[in-house]
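Letters A, B, ... mirror the listed sequences (proteins, then strands); counts begin at 1. Only heavy atoms go into these numbers, but all of them, side chains included; no hydrogens, no water, no symmetry mates.
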Protein chains: 2
Amino acid sequence: MRAGTKGVPRADRETQILDAADRLFGAGGYASTSVDAVAREAGISKPLVYQYFGAKDGLFAACLSRATHTLVDAIEDVARGESVGLERGVLTLAAIFATLEPHPYTWRLIFDGSAPADGPTRRARQEYQDRIVDLARDGVGEMLTLAGVSDPLDRDAMTVVWLRVVDALVDWWLEHPEQSADDMVRRSVRLITAVAASPASAPPPPSAI
Amino acid sequence: MRAGTKGVPRADRETQILDAADRLFGAGGYASTSVDAVAREAGISKPLVYQYFGAKDGLFAACLSRATHTLVDAIEDVARGESVGLERGVLTLAAIFATLEPHPYTWRLIFDGSAPADGPTRRARQEYQDRIVDLARDGVGEMLTLAGVSDPLDRDAMTVVWLRVVDALVDWWLEHPEQSADDMVRRSVRLITAVAASPASAPPPPSAI
DNA sequence: GTGGTAACTTACCGGAAAGTCAGTTCGACG
DNA sequence: CGTCGAACTGACTTTCCGGTAAGTTACCAC
């Protein structure tokens with residue numbers, strides 16, 4: 001490919017690069033995705049990526065911001081509503097699935113364990129991911145309080161469990177792309193109901209442990 | 001450090017290396033842990049690791065086998081018992097926490113996403129990890145059947161959710177090392193009970209979605 | 001003692017991927 | 001038509017890491 005401009009304005013190219021990066025980071029994670037691969041996926045060369053985003057973690061941070069922005073809005077919307085407990089949980093799931101429907105893999109980069117912990121990524125995280133975690137903690141705390149559980153450690157533990165449950169559902173979704181967001185919501189409701197209605201929902205006698 | 005033997009027999013050294021690798025793989029994952037770091041952690045040099053384990057994925061496979069072996073036994077023990085539904089779930093959690101108590105980070109390498117998908121690791125996975133997944137699917141399927149849910153896709157989705165819940169609890173445990181295995185079991189029971197007892201456990205009206 | 005073997009290390013190779021340089025091409029505007 | 005800046009690239013350097021070669025030390029059997 002010869003050098004020289006192809007007449008694509010910077011803003012457009014940046015969007016293309018972010019789309020490509022979103023796909024690859026979402027599929028393979030930060031660590032095992034090379035900038036060169038992103039460039040190829042976007043149909044351009046590596047130096048252009050560096051010219052526009054500075055460094056690999058700058059690219060990732062930009063991806064992260066764009067991805068998280070709409071999600072946070074949707075989740076905050078539910079939080080402002082009047083639902084509580086498991087109902088709020090289900091509504092939140094519905095909001096997440098609906099937002100994610102065009103490209104579910106986006107969820108993966110929000111909790112990518114191989115992403116850098118400092119630099120621009122840290123800033124993007126503080127701006128958005130922490131807000132998701134805070135919202136989750138609020139919802140979980142509310143639900144536990146209603147159920148008579150008030151220990152802050154319980155609340156923290158339940159928060160990470162809840163986030164991981166969402167993670168698992170999205171992962172399962174990625175392996176079943178034929179499912180619609182609505183399918184996913186209905187399935188989640190069935191599963192939550194099944195757990196809640198499970199006959200042996202009382203704790204087993206301590207002697208059994 | 002001069003070359004030459006230090007008089008440590010191979011079996012002992014192998015155990016030391018596996019201990020070090022277990023720690024580092026558990027903390028940072030396969031991809032971001034270098035063989036050199038494992039060697040330093042074990043107090044020896046890199047070539048010795050290669051001499052004993054052949055390659056990086058051989059080392060990881062050895063780690064994985066050792067880690068999973070006792071876990072599978074413990075979980076199978078519960079599966080052979082007569083408990084079902086959530087009670088079986090809690091008993092399984094208790095068995096996992098008890099087995100993991102000496103070094104909880106071991107759990108992480110069982111489901112390390114950055115581990116290689118073929119070679120020796122594949123074999124180790126087939127031998128052990130797949131059995132954990134199968135056991136989980138059995139237990140989950142049984143529980144869902146009792147609750148009147150029979151869709152195989154529901155069962156598969158619930159299986160990955162359940163495994164991720166265990167994952168989340170172990171992760172939380174790693175950040176709260178002062179908690180005993182028994183503490184973790186009691187906490188899990190409290191959380192499961194809270195979900196089951198949550199007032200709004202009926203699905204919300206479709207119109208709300 | 002002395003030779004053989006098991007336990008070790010320093011110093012290196014080669015590839016992959018982050019990041020950089022020195023440009024080349026093209027459209028826009030005078 | 002000239003020229004200036006924005007878009008764009010091939011080729012390079014650097015760093016890190018998996019893996020290896022070749023040699024050193026110490027124990028042990030005879």
Side-chain angles (χ1 to χ4, degrees), chain A residues 1-21 24-25 27-63 112 114-121, chain B residues 1-21 24-25 27-64 112 114-122:
Chain A
M1 181 75 71
R2 279 164 41 224
T5 182
K6 296 171 195 161
V8 180
R10 173 168 186 154
D12 293 11
R13 208 49 117 181
E14 281 181 346
T15 310
Q16 290 172 15
I17 295 174
L18 284 180
D19 286 346
L24 295 192
F25 282 141
Y30 179 85
S32 61
T33 301
S34 76
V35 176
D36 207 53
V38 172
R40 270 199 310 274
E41 174 91 3
I44 45 114
S45 72
K46 187 169 57 154
L48 194 60
V49 178
Y50 279 95
Q51 185 174 330
Y52 287 170
F53 295 96
K56 188 183 181 184
D57 60 352
L59 173 62
F60 184 81
C63 257
D112 184 351
S114 71
D118 52 356
T121 307
Chain B
M1 180 75 72
R2 278 164 42 221
T5 182
K6 297 171 194 163
V8 181
R10 175 167 182 156
D12 293 12
R13 207 51 115 183
E14 280 181 347
T15 309
Q16 291 171 14
I17 296 173
L18 284 179
D19 287 346
L24 295 192
F25 282 141
Y30 179 84
S32 62
T33 300
S34 75
V35 177
D36 208 53
V38 172
R40 271 201 308 275
E41 174 91 3
I44 45 119
S45 73
K46 187 171 56 154
L48 195 59
V49 178
Y50 279 95
Q51 185 174 330
Y52 286 170
F53 294 96
K56 189 183 182 184
D57 60 350
L59 174 62
F60 185 80
C63 257
L64 195 58
D112 184 350
S114 71
D118 52 355
T121 306
R122 180 169 181 78

query = Does any residue of residues 31-45 of chain A have a heavy atom under 4.0 Å from DNA chain C, and if so, which ones, in number order?
reply = A/T33, A/S34, A/V35
ask   = Ignoring hydrogens and geometry, is there a side-chain-to-backbone donor-acceptor pair from B/D112 to B/Y30 under 3.5 Å?
value = yes
message = Heavy atoms within less than 4.0 Å of DNA chain C: which residues of residues 48-61 of chain A have one? Give them sorted by number.
response = A/Y50, A/A55, A/K56
ask   = Could you write nucleotides 21-30 of chain D as a row of B, S and -, 5' to 3', where a protein heavy atom under 4.0 Å of any base atom gives B, of only sugar-phosphate atoms gives S, and otherwise -?
value = B-BBBS----
Pairwise distance CZ(A/F25) to CG(A/L18) - rounded to 0.5 angstrom = 10.0 Å
task = Applying side-chain contact (heavy atoms from CB on, under 4.5 Å), name anything that partners A/S32, two or more places apart in sequence or on another chain.
result = none
key: Whole angstrom value for the distance that separates P of C/dC12 from NZ of B/K46   = 14 Å
message = Could you measure the distance from the CG atom of B/L59 to the OG1 atom of B/T33? Nearest 0.5 Å is fine.
response = 10.0 Å
ask   = How long is the gap from OG1 on B/T5 to CZ on B/R13, to the nearest 0.5 Å?
value = 8.0 Å
message = Once rounded to the nearest 0.5 Å, what's the spacing between atom OG1 of B/T121 and atom CG of B/D57?
response = 5.0 Å
request  = Taking all non-hydrogen atoms of both residues into account, name the closest pair between A/A21 and A/C63 and its distance.
outcome  = CB-SG, 3.6 Å
Interatomic distance, A/M1 CE vs D/dA11 C1' [rounded to whole Å] = 17 Å
ask   = Is B/R10 near enough to C/dC8 that one of its side-chain N or O atoms lies under 4.0 angstrom from OP1 or OP2?
value = no
key: B/R10: partners by salt bridge (charged side-chain N to carboxylate O under 4.0 Å, His left out), with sequence neighbours left out   = B/E14
message = For the CG atom of A/D36 and the CD atom of A/E41, what is their distance to the nearest 0.5 Å?
response = 12.5 Å
Please list, one pair per line, the donor and acceptor atoms closer than 3.5 Å that link side chains of residues 44-54 of chain A to other protein atoms, with sequence neighbours excluded.
none

